[in-house]
Structures are given as structure tokens and as C-alpha cells.
Amino acid sequence: MADEKLTPRSENYSDWYNQVILRADMADYSPVRGCMVIKPYGWTLWENIQHELDRRFKATGHVNAAFPMLIPKSFFEKEKDHVEGFAPELAVVTIGGGQELEEPLVIRPTSETIIGYMFSKWIKSYRDLPLLINQWANVVRWEMRTRLFLRTLEFYWQEGHTAHSSEAEAKEETLRILDLYADFAINEAAVPVIKGIKSESEKFAGAMETYSIEAMMGDTKALQAGTSHHLGQNFAKAFDIKYLDNNNELQYCWTTSWGVSTRFIGAIVMTHGDDNGLMLPPRIAPYQVVIVPIYKNDEERSRVMETVQNVTRQLEAFRVKVDDRTELTPGFKYHEWELRGVPLRLEIGPKDVEKNSVMAARRDMPGKAGKTILSQENLGPQVGALLDTIQAAMLKRATEFRDANIHWANNYDELKQIVENGWAEAWWCGSRECEAKIKEETKATTRCIPLNQENSEHGKCIYCGNDAQQKIYFSKAY
RNA sequence: CGGGGUGUAGCGCAGUUGGUAGCGCACCGCGUUUGGGACGCGGGGGUCCGCGGUUCGAGUCCGCGCACCCCGACCA
């Protein structure tokens, strides 16, 4: 933490992003290009994300399992689109124990293939369905250009894989998970997201349909924060996942897969961070409260620390950090914990010991505006209420920012203007050509076709002017 | 894979016409400090990215590598 000032977001968003992550001590670069070390502070945030997602998966009937990281290379050749999509970014093991392998092993970029193979062994009857499995795992994709959390060669995620007896049920599952992701993003991470379906060219390699939640970052670029795929029978046919229905007839299953990765941490950083650093939503922040004791001498110190102990005992229900480092001044600690995004800071000094008070400072309201004096009595409920307020305020601010930066495009010129600094919503005819042209000419890609559209409406495609039955978002994206 | 940039202490950097490496922060010790980024004194720490060349002598000049970062094309 050598430098005092962070690069302001307006000056260089990318520098700001990297500095925040490194200085908040969430992650570090590793000796391998494109790989990162997730440090305890970043990993704790991930654990909190995991916890919130995992309990939602369990509540909807899913169970966790673990599949191998090494997958026979031939598996990737069984589904045509899947090979094409992933071939360029596979890492392959060719030597094991000093010997050339008979068949190279791919380090999983995602596990549809091996899980499909296993499902075909496990599923015999309609009574085995639905099969609802999730795994928490790391995967490797050999990316050209990498960025901390957003795109690294190796990343951590969860991948859910399910098999169903009917198309309708598989689709229902796909959408159930999409809702689950949106609920998590909005209510735990305070990241407002838009649910939608991806265009043909943006969908997952091997999927029939890909749904996503899309979030707007602080520079107005879009980030796909979670995806849910309706795989149809593509993988069932490739891996022979079949069951006997109640008429004793063999049927192919319908499968789904869905994932949220450590990329979501990048989404949190860029949704909430400001020029003072990170700002973490209370519900998943590693520390919800940091206590900074203030004193001038040993005598004051012992009195203050006694109060700190008493306060800490009252806050057992929260994740609390007492910053009792003696070599640093309170002012330094304020800046450091603001940089690290702790939602609420409690300052306790001699005056508070006297007056039976504590000074509370909100991370989401910098300076004096965010400071209030609390009584030491009944502190737990007061802190709980403040954290709820902060959580709600963060969601509100992020939602307002997003909404203020989405504009309807009446014509192509408007679209070009809008995507320079925001998202454009527009009619789209659905053709790959229009999409490709727009991308080429504006660098904006289609994000998703939002789900909440009136079926009866239609208009003219923003690019070619032909009849269009759907609205879609265009923006630059991570 | 194209374009740009950078490799010198943990981090950020300086290093002149080539002469045997320094500054700030961080770190360690002692003391004074502590309600919005404290200060003094003392101290430890170097494969100058690597290899080769020129030279009496290379952090510095030349050549070849390598790595990383940033910007594009591709992607969770």
C-alpha cells in the first residue's frame, strides 16, 4: 500500500480496477501469465457468495458432487458446436508420469462432457429423473487476454448440470436458475441485473438456448454475471443419456447447465466501487463492521479497549474486525478500510467512553454525511438496521445509475451515440448479419433479449429496418 | 495474434559523456504521537529480467531471447 491516492475512475477505469483489487488485498498476480492468486480477503468474499448461492441450490433440490478435472480429449469431439466453441481455448495434458499418454486429457473448461458421460451411466428410468447436480470447481480456459477476476486462465465457479424427462421441465429448470441468480445478485450483492436470452451468436457452444443476467458496471459497460443454458437434447444425444419412460420406451433426456464464477467478484467491484476504493454489500462483505479504537496514551487505551470489548460482545451476530494495530493512526485506518470496502466503521475513543456512545461511519456516504452517533445501549439492533439501510441504499444507487444509462434508440445514429456511454435498447430483426454489422461498426454487442416483453408488440429493426418482433440491448461489454 | 509500454530493494521510481547503485514508501529497533492518510533518530534489504557481444571496465552501448502490463480481435 505504497501509494496514497487511487487512480480516479474517470481518469483510467482499468487502472482503478486493478489498483482497487491489489490494494484491497483481494488478489495478486501469479508467476503464470493470466493466472491469479485469490487472497484471503477475496476468497472470503467468494465463500460468502458461495454460501448464498449454495443454500439456494439446496433449497431447490440440487445436490453437490465433484467430477474429475481431467477429461478425455475425445469427449470434446462428440458435440459439434461444443468442440468448435472450446477447441481454441483448451489446455491439454499429453504426458503423465513421464510417459506420453495414449489419449490426451483436457483440463476441463466446463464439465458438460464428462458429466454427460456419467449421467448416461446413472440414468436408466424416468424414476431417476430429474437429476439435479451441482459442482463447485475450478476450470481452465486458455484466454488471449486476461484481467483479474474478469477473465483468467483458471477460474473458480459452480456449474449446475441437470437432466429431465421433458423439454418443458428442462426449460423450467433453466429459468428457475436464472431467477435464482437474479435473486442472489439483487438481494445479496446489490447488483441490479437484467434477465434475458442470448442471441444465437452469443449463446453457449452446444446450447439450444442461453439465458443470462446482465449487469452494468461503473463505466456503463455490461458484464454477463451468470448464465443458464437450456441444452435441449444436444448433449443427451452426444453422450447417449437415455431413460425408459412409463410406456417402456427409450427417450433422450433434456439437460441444462448453469454457472456463476469468481467473475462475479469483478461485477461487485465495478458496480459499487468509487474513487475511495471498494464498497462491499453488507450481506456478503467479509467484514461487515470494522471497529477503530482511538486513544492518546496507555491509560486511555485500556479504557477504550474495555469499551471495544463490550461493543464487540454485542455484535456477535455480525462479521466484525477490531483494528487494534498500535502503530497506525486512526485516520490511516479509516482510509484503509474504506479502500477495502467495509460497509460500516465504528470509531470508539475517550469521548465515547465518557458519553456511552460510538461514532458510526457509512462506507456508502463518504465523510461527515455518513457519520452518526450511536448509543452503546442496544447496539446490535442499531448496527443491524444500519447495515440493512446501507444494503438497500447501494442497490438503489446502482439501479438508478443503470437506469439512467439505458436509452431507447429510435434509429441507428442514436444507437451509435448511446453505446458510446451506456446501453441502447432497440428493435432487432433477429438476423446474425445485422448483429455482426452493429458489432463491427460500434463495438457494441447484443447483451440479451429481455424476458419481460409484450408478445404483441413489434417494430422495425434498428439496422436493416425489416420487421422486428423483439427488443434487445446493445452495449460494449467485458 | 497485431499495436504500445515496462523490466534496477517488497512497491513506485531515478541512475548524466560507460567508472563498481540511489531516492520515496513499505519493513525492523527506540522514542514522541494517535477523533480523517503522524514525526524524529538509527537500521536491514540488490542475480540491475536472461544469454551473448563490445570494452581495462556495462544498470548504462549492441544483438538475441523471456516475462509482465495496457489497448484491439476472441471469451464466464
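We name chains A, B, ... by the order of the sequence lines, and we start the count at 1 in each one.
Of the charged side-chain nitrogens involved, at least one lies within less than 4.0 Å of a carboxylate oxygen, so that A/Arg363 and A/Asp274 count as a salt-bridged pair. With salt bridges taken as basic N to acidic carboxylate O contacts below 4.0 Å, none links A/Arg397 and A/Asp364.
Spacing between B/G45 and B/G36 at atom P, rounded to whole Å, works out to 38 Å. Using P as the reference atom, B/C28 and B/C70 are 31 Å apart when rounded to the nearest Å. Rounded to a whole angstrom, the distance from the C1' atom of B/A14 to that of B/U8 is 10 Å.
Judged by distance alone, the side chain of A/Ser261 and the main-chain N or O of A/Trp157 form no donor-acceptor pair under 3.5 Å. In this structure, A/Lys198 contributes its side chain and A/Arg447 its backbone to a donor-acceptor pair below 3.5 Å.
The base of B/A38 has none of its N or O atoms less than 3.5 Å from a complementary donor or acceptor on the side chain of A/Thr329. Remark: the A/Lys371 side chain and the B/G35 base include no donor-acceptor N/O pair separated by less than 3.5 Å.
The interatomic distance linking A/Leu328 (CG) with B/C27 (C1') rounds to 13 Å, in whole Å. Note: NZ (A/Lys333) to P (B/U34) measures 14 Å, nearest angstrom. If you take CZ of A/Arg147 and C1' of B/C69, they are 11 Å apart, rounded to a whole angstrom.
Listed candidates were B/G35, B/C71, B/G72. Nearest to the side chain of A/Lys443 is B/G72.
Both geometric conditions, a ring-centre gap below 5.5 Å and a plane tilt below 30°, are fulfilled for A/Phe155 over the base of B/A76.
At a threshold of 4.0 angstrom between heavy atoms, the contacts of A/Glu347 include nucleobase atoms, whether or not backbone atoms are also involved.
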